[in-house]
Amino acid sequence: MSGDLVVQMAQQALVIVLIVAAPMLGLGLIVGLMVSVFQATTSIQEQTLAFIPKIVAVFVAILIFGPWMLRIMVEFVTNIFVNLPNYIG
């Protein structure tokens, strides 16, 4: 296994992680921004108010995008296992 192959596999793994995490992080960011704007306009300074909607948004994102995320990860791992003899030799 050459160094170039290891770097390529690590790069591919990082890209997969970013792609899989993007829906949850994006939805949490949008909801957090909306809650912050709501808090700023109403002068509500409750710190815990921002956490509950973000947690719910991330769980909803997992429910909606879960099958897609699982498919992406399974394809990546399957590709690694299928090409395992090529990596060893």
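The basis for the numbers below is simple: all heavy atoms, side chains too, and nothing from hydrogens, waters or symmetry mates. Keep in mind that what you see is a predicted model, and the values were worked out from it rather than measured.
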Could you check Ile19 against Trp68 for side-chain contact (heavy atoms from CB on, under 4.5 Å), going step by step and ending with a plain yes or no? CA-CA 11 Å; Ile19 289 172; Trp68 173 77; 3.5 Å; yes

Under the side-chain contact (heavy atoms from CB on, under 4.5 Å) criterion, do Phe76 and Gln12 qualify, and how do the steps go? CA-CA 9 Å; Phe76 176 70; Gln12 187 180 10; 3.8 Å; yes

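Following chains of ILVMFWY side-chain contacts shorter than 4.5 Å, one cannot reach Val31 starting from Phe65, and the two form parts of different hydrophobic clusters. Met24 and Ile72 fall within the same hydrophobic cluster, defined by Ile, Leu, Val, Met, Phe, Trp and Tyr side-chain heavy atoms under 4.5 Å apart, directly or through other members. Grouping the Ile, Leu, Val, Met, Phe, Trp and Tyr side chains by contacts below 4.5 angstrom, directly or via other members, places Ile30 apart from Val20. Cluster annotation: Val15 is connected to Ile80 through the hydrophobic network of ILVMFWY side chains, with a link wherever side-chain heavy atoms come within less than 4.5 Å. Under the 4.5 Å side-chain heavy-atom criterion for grouping Ile, Leu, Val, Met, Phe, Trp and Tyr, Ile64 is connected to Met73 within one hydrophobic cluster.
Atom NZ of Lys54 is separated from atom CZ of Phe59 by 14.0 Å, given to the nearest 0.5 angstrom. Between the CD atom of Glu75 and the CD1 atom of Ile16 there is a distance of 8.5 Å, given to the nearest 0.5 Å. Distance check: Asn79 CG to Leu84 CG gives 11.0 Å after rounding to the nearest 0.5 Å. Atoms CD and CD, on Gln39 and Glu46 in that order, are 8.0 Å from each other to the nearest 0.5 Å. One distance of note links CD1 of Ile62 with CG of Leu70; it measures 12.0 Å at 0.5 Å rounding.
Looking at heavy atoms from C-beta onward, Ile44 lies in side-chain contact with Leu49 at the 4.5 angstrom threshold.
The nearest pair of heavy atoms linking Pro23 to Ala61 is O-CB, 4.2 Å. In this structure, Ala57 and Leu27 approach most closely via the heavy-atom pair O-CD2, 3.3 Å.
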